[in-house]
Amino acid sequence: MGPWGKRDDMVVHRREPFNAEPPRHALAHRVLTDPESFYSRNHGPIPHIDARAWRLRVDGLVERPLTLSLGDLRGRFAERQLLATVQCAGNRRAGLLDVRDIPGEDPWGPGATSTAHWTGVLLADVLAAAGVRPGARHVAFAAPDVSPLADPPQPFGGSIPLAKAISGEVLLAWGMGGRPLHDVHGAPLRVIVPGWIGARSVKWLERVTAQAEPSANYFQAVAYRILPPDADPALAGPGAGIPLGPVGVNCAILAPDGRTPLPPGPTQVAGYAYAGEDRTVARLDVSLDEGRTWTQAELDAPLSPWTWQEWRIVVDLPGGDTVVTARAWDSNGVTQPESPATLWNPKGYANNSWDRVRLTTTGAQ
Ligand SMILES: Nc1nc2c(c(=O)[nH]1)N[C@H]1C(S)=C(S)[C@@H](COP(=O)(O)O)O[C@H]1N2
Ligand SMILES: [Mo]
């Protein structure tokens, strides 16, 4: 078993802070990701919080500021379940790094996304108990983990618009896969903002604040924003660029992963496809000729409105090398761009270009 209870073959980008993704095959052929395989993205040291002493503060533009223990949360609010995929904005960054270097950012593959069954209470219910006052437009989340990567170093935080916060979609979760959250995933309580970039699903949640403006936290105001290609992220101040929110349509080929040669002939190719917020994946195309011609894969319906979808197709592999390409279309008719070069941005976010895996065959050509 690897660090933080993760599988041995986890791809560890960094040990401090701990950042790791499962290999492609660990995500293949299953909707739910087991906790040992679930990716983990951290900007600072992972805290261990004494759940009994822990309290959640709810404050800002509210009628009744609240201080809630875990027992209060369980006792005062209805327990809810949510099946949701979490996806980091840095998922598939490696494709952008192939275009141009991104100093300081790790080369995440397609495993910076995972799916679990979450248990907790609705953020909407907690906000209703506090009574959100007119003038509140955003709900900010604060955590205790101080990130040395922020400028200046500060605890992780972020915010979502009030409309999403009170939609009844956002969970304050203490359970993952039917068990208490592990430290590495935010125990005792984390936010799950389904359909939005993972950065908004703040772990080790300590404070929920209703406010007029988005969070001024570094990870909302400076990072997790799309800067123009010629911008210097070290010089881009708070508010520069486009803040990331809902996740765009994306997909990945998970199996085969191209690591071992295959016999020529029929081979099943399988993967995930995902579209955030109010969209689902409507079609998945696979090409064996770099996108000149496409065949539609079999695509499963999502298990919940907030989960990725599995797809599979049997292709006939010719001898030699074949590049398999996949692209998804969402329920708005939007598809993925062909090339990561057109998407390159200085922090390396939101690479949703076509996924490609090179497969080699055994035997002579
Ligand atoms: N407190 C805190 N919350 C956090 C982070 C963090 O570093 N600190 N990372 C965020 C990011 S960028 C992502 S993608 C998800 C990852 O959640 P996971 O580690 O449970 O997979 O947590 C988010 N919540
Ligand atoms: Mo992330």
Side-chain angles (χ1 to χ4, degrees), residues 3-6 10-14 16-22 26-27 33-49 54 56 84-93 105-106 108-118 120 140-150 153-160 170-177 179-208 215 217-220 222-226 243-245 247 250 274 276 347-351:
W4 301 102
K6 296 297 170 188
M10 207 76 178
V11 181
V12 178
H13 295 295
R14 277 175 212 238
E16 285 293 336
F18 183 63
N19 280 286
E21 67 180 296
L27 295 178
T33 314
D34 52 74
E36 302 79 58
S37 305
F38 204 103
Y39 84 102
S40 189
R41 173 83 179 98
N42 301 289
H43 298 76
I46 291 161
H48 175 73
I49 295 171
W54 173 92
L56 177 68
T85 298
V86 182
Q87 186 159 118
C88 184
N91 190 40
R92 304 187 59 220
R93 177 181 290 129
E105 299 292 339
D106 295 329
W108 292 83
T113 180
S114 296
T115 302
H117 181 254
W118 308 95
F141 307 123
D145 54 319
V146 176
S147 173
L149 308 170
Q154 60 196 275
F156 192 87
S159 63
I160 55 173
V170 179
L171 205 69
L172 303 181
W174 57 70
M176 178 180 178
R179 304 193 159 205
L181 272 183
H182 289 192
D183 281 344
V184 74
H185 293 298
L189 194 80
R190 76 174 298 171
V191 189
I192 295 291
V193 184
W196 285 52
I197 61 161
R200 308 303 175 229
S201 291
V202 173
K203 302 189 277 190
W204 312 293
L205 184 67
E206 280 189 340
R207 190 169 168 199
V208 171
S215 169
N217 185 278
Y218 176 85
F219 296 100
Q220 181 77 43
V222 180
Y224 291 102
R225 303 175 77 98
I226 299 281
L244 288 162
V247 177
N250 211 336
Y274 177 66
K347 295 281 280 178
Y349 300 131
N351 176 20

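Both counts, for ligands and for their atoms, begin at 1 and track the order of listing. Keep in mind it's a predicted model, so treat the numbers as computed, not measured.
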Fill in: Which of the ligand 1 atoms, numbered from 1, are nearer than 4.0 Å to a heavy atom of Ser40
19 (O), 21 (O)

Worksheet entry | Student check: side-chain heavy atoms of Arg200 and Gln220 closer than 4.5 Å | yes

Item to complete: Could you give me the CA-CA distance, side-chain angles and deciding distance for Met176 and Trp118, then say whether side chain to side chain contact (heavy atoms under 4.5 Å, CB included) is met?
Response: CA-CA 5 Å; Met176 178 180 178; Trp118 308 95; 3.6 Å; yes

Worksheet item: So which protein heavy atom does atom 9 (N) of ligand 1 come closest to, and at what separation?
Response: Arg41 O, 3.2 Å

Worksheet item: If only atom types and distance count, is the side chain of Tyr349 paired as donor or acceptor with the main-chain N or O of Ile226 below 3.5 Å?
Response: no

Worksheet item: Taking non-hydrogen atoms only, is Tyr224 closer than 4.0 angstrom to ligand 1 via side chain, backbone, both or neither?
Response: side chain

Fill in: ligand 1 atoms in contact with Phe38 (distance to a heavy atom under 4.0 Å)
21 (O)

Worksheet item: Does an N or O from Trp204, backbone or side chain, lie closer than 3.5 Å to an N or O of ligand 1?
Response: no

Item to complete: Would you sort out whether Lys6 and Val12 count as a side chain to side chain contact (heavy atoms under 4.5 Å, CB included), showing the intermediate values?
Response: CA-CA 10 Å; Lys6 296 297 170 188; Val12 178; over 6 Å; no

Discussion item. Show me which atoms of ligand 1 lie under 4.0 Å from any heavy atom of Ala143.
Written reply: 1 (N)

Worksheet item: What atoms of ligand 1 come within less than 4.0 Å of a heavy atom belonging to His185?
Response: 18 (P), 19 (O), 20 (O), 21 (O)

Item to complete: Below 4.0 angstrom from a heavy atom of Asn42, which ligand 1 atoms are there? Numbered from 1 as shown, please.
Response: 7 (O)

Practice prompt. Find out whether Phe219 and Ser147 are in side-chain contact, i.e. whether some heavy atom of one side chain is under 4.5 Å from a heavy atom of the other.
Written response: yes

Worksheet item: So which heavy atom in the protein is nearest atom 23 (C) of ligand 1, and how far is it from that ligand atom?
Response: Gly198 O, 3.2 Å

Worksheet item: Can Val11 and Trp108 be said to form a side chain to side chain contact (heavy atoms under 4.5 Å, CB included), step by step?
Response: CA-CA 9 Å; Val11 181; Trp108 292 83; over 6 Å; no

Worksheet item: Side chains of Leu205 and Arg190: does their closest heavy-atom pair fall under 4.5 Å?
Response: no

Fill in: Under 3.5 Å: N/O of Lys203 near N/O of ligand 1
yes

Worksheet item: Looking at side-chain heavy atoms only, is the closest gap between Tyr39 and Ser114 below 4.5 Å?
Response: yes

Worksheet item: Going by the angle between their ring planes, with limits at 30° and 60°, are His185 and Phe38 parallel, tilted or perpendicular?
Response: perpendicular

Fill in: Heavy-atom nearest neighbour in the protein, as seen from atom 21 (O) of ligand 1, with distance rounded to 0.1 Å
Tyr39 O, 2.6 Å

Worksheet entry | Taking atom 17 (O) of ligand 1 as the reference point, the nearest protein heavy atom with its distance | Arg190 NH2, 3.2 Å

Worksheet item: Which protein heavy atom lies closest to atom 1 (N) of ligand 1, and at what distance to 0.1 Å?
Response: Asp145 OD1, 2.8 Å

Practice prompt. Step through it carefully: locate the ring centre of His182, locate the ring centre of Phe18, and say whether they are under 6.0 Å apart.
Written response: no

Worksheet, complete the sentence: When distances are taken from atom 24 (N) of ligand 1, the protein heavy atom at minimum range is Ser201 O, 3.0 Å

Discussion item. Heavy atom to atom 6 (C) of ligand 1, shortest distance: which of Phe219, Phe156, Phe18 holds it?
Written reply: Phe156

Discussion item. With heavy-atom distances below 4.0 Å as the criterion, list the atoms of ligand 1 near Cys88.
Written reply: 14 (S)

Fill in: Proximal atoms of ligand 1 relative to Val202 (non-hydrogen, under 4.0 Å)
3 (N), 24 (N)

Worksheet, complete the sentence: One finds that the ligand 1 atoms under 4.0 Å from a non-hydrogen atom of Ala199 are 10 (C), 11 (C), 12 (S), 13 (C)

Worksheet item: Are side-chain heavy atoms of Trp196 and Gln87 found at a separation under 4.5 Å?
Response: no

